[in-house]
Amino acid sequence: MNEIISYFSTIPSSHRSLILVGGITIFWLIENSFPLFKMQYKKWPHAGINFFFTFTTIVVNFILAFILIKTAAWTIENNFGILQWLPQMPIWLYTIIGLLLLDLIGAYLAHLVEHKVKILWQFHLVHHTDTWIDTTTANRHHPGESVVRFVFTTLGVLIVGTPMWMVFLYQSLSVIASQFNHANISLPAKLDVFLSYFIVSPNMHKVHHHYVLPYTDSNYGNIFSVWDRLFRTFTYLPKDQLVYGVDTHMLPEENNELKNLLKIPFQKSRSFKNS
């Protein structure tokens with residue numbers, strides 16, 4: 001455990017980039033060999049759009065990173081946050097609790113709020129417009145949404161009182177988890193169900209990308225599935241019933257053109273058809 005702490009305390013930016021690129025590459029290869037759906041689409045043009053949003057997310061996080069670093073340092077220096085107030089415990093338990101709480105605030109809560117607050121949904125909508133869910137979809141976030149998610153991550157660091165090494169560990173796990181649960185991969189059904197009791201499995205998250213309510217408003221988790229089960233937002237839908245996208249933006253010119261995707265948050269909002 002000390003080796004992990006030491007590594008993530010000083011993890012180079014190049015290694016963090018390698019985790020991002022390496023994850024996409026590995027899951028891309030796996031989904032080509034063992035696809036959940038044999039989707040008829042031009043994979044590289046589709047990936048190009050999602051890679052653009054991946055790049056903008058990286059830029060946003062890079063520009064704002066100093067805020068996260070300052071916040072983590074302040075919590076430790078001032079003995080502030082849940083982790084700082086807990087009694088002495090083994091470092092592995094301390095780490096698990098910290099990761100669970102960061103995932104609750106930085107991922108689950110952020111995601112839930114984006115679905116419930118109209119103006120935030122307009123930004124998050126860009127992620128849901130993808131009608132061909134694969135591992136590149138994981139980072140399909142409008143720059144405005146990237147800012148929103150950064151705010152929630154920073155709030156999580158403040159409330160939880162996490163040291164910076166734990167933040168880097170959480171972010172690395174979050175990237176891999178998101179790439180994994182968006183990947184168009186076919187796992188044995190029993191294995192996927194088993195995993196879904198602990199982490200967000202591919203089939204579990206795919207339900208969230210079904211094109212109509214109430215499925216869109218379910219399965220908000222990113223790393224750990226416990227929050228969806230605890231707060232009763234877990235839903236199941238057989239994979240043969242899945243239709244990707246969002247019912248308000250099913251036309252190609254709405255969901256597969258970069259220029260329009262960037263404009264979506266500023267267009268007149270449309271209500272779900274809820275069918």
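All values below were derived from every heavy atom in this structure, side-chain atoms included, with hydrogens, water molecules and symmetry-related copies excluded. Quick caveat: nothing in here was measured; it's all calculated off a predicted structure.
Stacking of R229 on the aromatic ring of F234 is recorded, both the 6.0 Å distance cut-off and the 45° axial limit being met.
Between the H182 side chain and the S178 main chain, a donor and an acceptor come within less than 3.5 Å of each other. Here the side chain of S174 pairs no donor or acceptor atom with the backbone of Q171 at under 3.5 angstrom. Checked by atom type and distance alone, the side chain of N219 never pairs as donor or acceptor with a backbone atom of H208 at under 3.5 Å. Although no hydrogens or angles enter the test, the distance criterion places no donor-acceptor pair under 3.5 Å between the side chain of N184 and the main chain of E31. Between the side chain of E254 and the backbone N or O of L251, at least one donor-acceptor pair lies under 3.5 Å. Side-chain atoms of S6 do not come within 3.5 Å of backbone N or O of N2 as any donor-acceptor pair. Between the side chain of K206 and the backbone N or O of N181, at least one donor-acceptor pair lies under 3.5 Å. Here the side chain of E257 pairs no donor or acceptor atom with the backbone of P252 at under 3.5 angstrom. Checking side-chain atoms of T153 against main-chain N and O of R149 turns up a donor-acceptor pair under 3.5 Å. At distances below 3.5 Å, at least one donor-acceptor pair connects side-chain atoms of W227 with backbone N or O atoms of L100.
Contact between A177 and N222 at its shortest, heavy atoms only, is CB-O, 3.7 Å. For the pair I11 and I19, the tightest heavy-atom approach, listed with the atom from each and the gap, is CD1-CD1, 4.2 Å. Across S172 and F8, no two heavy atoms sit closer than the pair OG-CE2, 3.5 Å. What you find for G245 and T131 is that their closest heavy atoms are CA-CG2, 4.0 Å. The two atoms that bring W165 and S9 nearest to each other are CB-OG, 3.3 Å, heavy atoms only. When all heavy atoms of D103 and F224 are compared, the pair lying nearest together is OD2-N, 3.1 Å.
Atom CZ of F55 has 12 or fewer heavy atoms from other residues, nucleotides or ligands within 6.0 Å. Other residues, nucleotides and ligands place more than 12 heavy atoms under 6.0 Å from the CZ atom of F266. Around the OH atom of Y197, the shell of radius 6.0 Å holds no more than 12 heavy atoms that belong to other residues, nucleotides or ligands. A 6.0 Å sphere centred on CD1 of I82 holds more than 12 heavy atoms belonging to other residues, nucleotides or ligands. More than 12 heavy atoms of other residues, nucleotides or ligands sit less than 6.0 Å from atom OH of Y7. Within a 6.0 Å radius of CH2 in W85, other residues, nucleotides and ligands contribute more than 12 heavy atoms.
Residue W121 forms a ring pair (Phe, Tyr, Trp, His ring centres under 6.0 Å) with just one option from H142, H127, H111, H128, and that option is H128.
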Determine, step by step, whether T57 and N139 satisfy the side chain to side chain donor-acceptor pair (under 3.5 Å) criterion, reporting the C-alpha distance in whole Å, the side-chain angles of both residues, the deciding distance to 0.1 Å, and the verdict.
-> CA-CA 8 Å; T57 298; N139 301 300; over 6 Å; no
Start with the C-alpha gap between Y236 and S196, add the side-chain angles, then the distance that decides, and say whether side chain to side chain donor-acceptor pair (under 3.5 Å) holds.
-> CA-CA 11 Å; Y236 173 76; S196 72; over 6 Å; no
Determine, stepwise, if the pair Q84 / N78 fulfils side chain to side chain donor-acceptor pair (under 3.5 Å).
-> CA-CA 9 Å; Q84 309 307 314; N78 292 275; over 6 Å; no
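Ring centroid separation for the pair Y211 and Y215 does not come in under the 6.0 Å cut-off.
Within the 4.5 Å cutoff, no side-chain heavy atoms of N203 are placed close to those of L187. Side chains of M89 and I97 form a contact here, defined as non-hydrogen atoms less than 4.5 Å apart. Under the 4.5 Å side-chain criterion, counting only non-hydrogen atoms from C-beta, I67 is in contact with F150. Side-chain contact check for L36 versus K239: some heavy-atom pair is nearer than 4.5 Å. M1 has its side chain out of reach of P90: every pair of non-hydrogen atoms, C-beta onward, lies at least 4.5 Å apart. Within the 4.5 Å cutoff, the side chain of N256 has heavy atoms near those of the W132 side chain. Looking at T56 and F53, their side chains come closer than 4.5 Å, going by heavy atoms from C-beta outward. Counting only heavy atoms from C-beta outward, the side chains of V167 and T71 never approach each other to under 4.5 Å.
The OG1 atom of T95 sits 5.5 Å away from atom CD1 of I5, with the distance rounded to the nearest 0.5 Å. Taken from CG in N255 to OG1 in T248, the straight-line distance is 10.0 Å, to the nearest 0.5 Å. Going from atom CD of Q179 over to atom CG of L20 covers 5.5 Å, rounded to the nearest 0.5 Å. Distance check: S218 OG to Y220 OH gives 7.0 Å after rounding to the nearest 0.5 Å. Q267 CD to N260 CG: the interatomic distance, rounded to the nearest 0.5 Å, is 4.5 Å. Interatomic distance, I133 CD1 to L242 CG, rounded to the nearest 0.5 Å: 10.0 Å.
Side chain to side chain, Y170 and T162 fail the donor-acceptor criterion of an N or O pair below 3.5 Å. A donor-acceptor contact closer than 3.5 angstrom links the side chains of T136 and D134.
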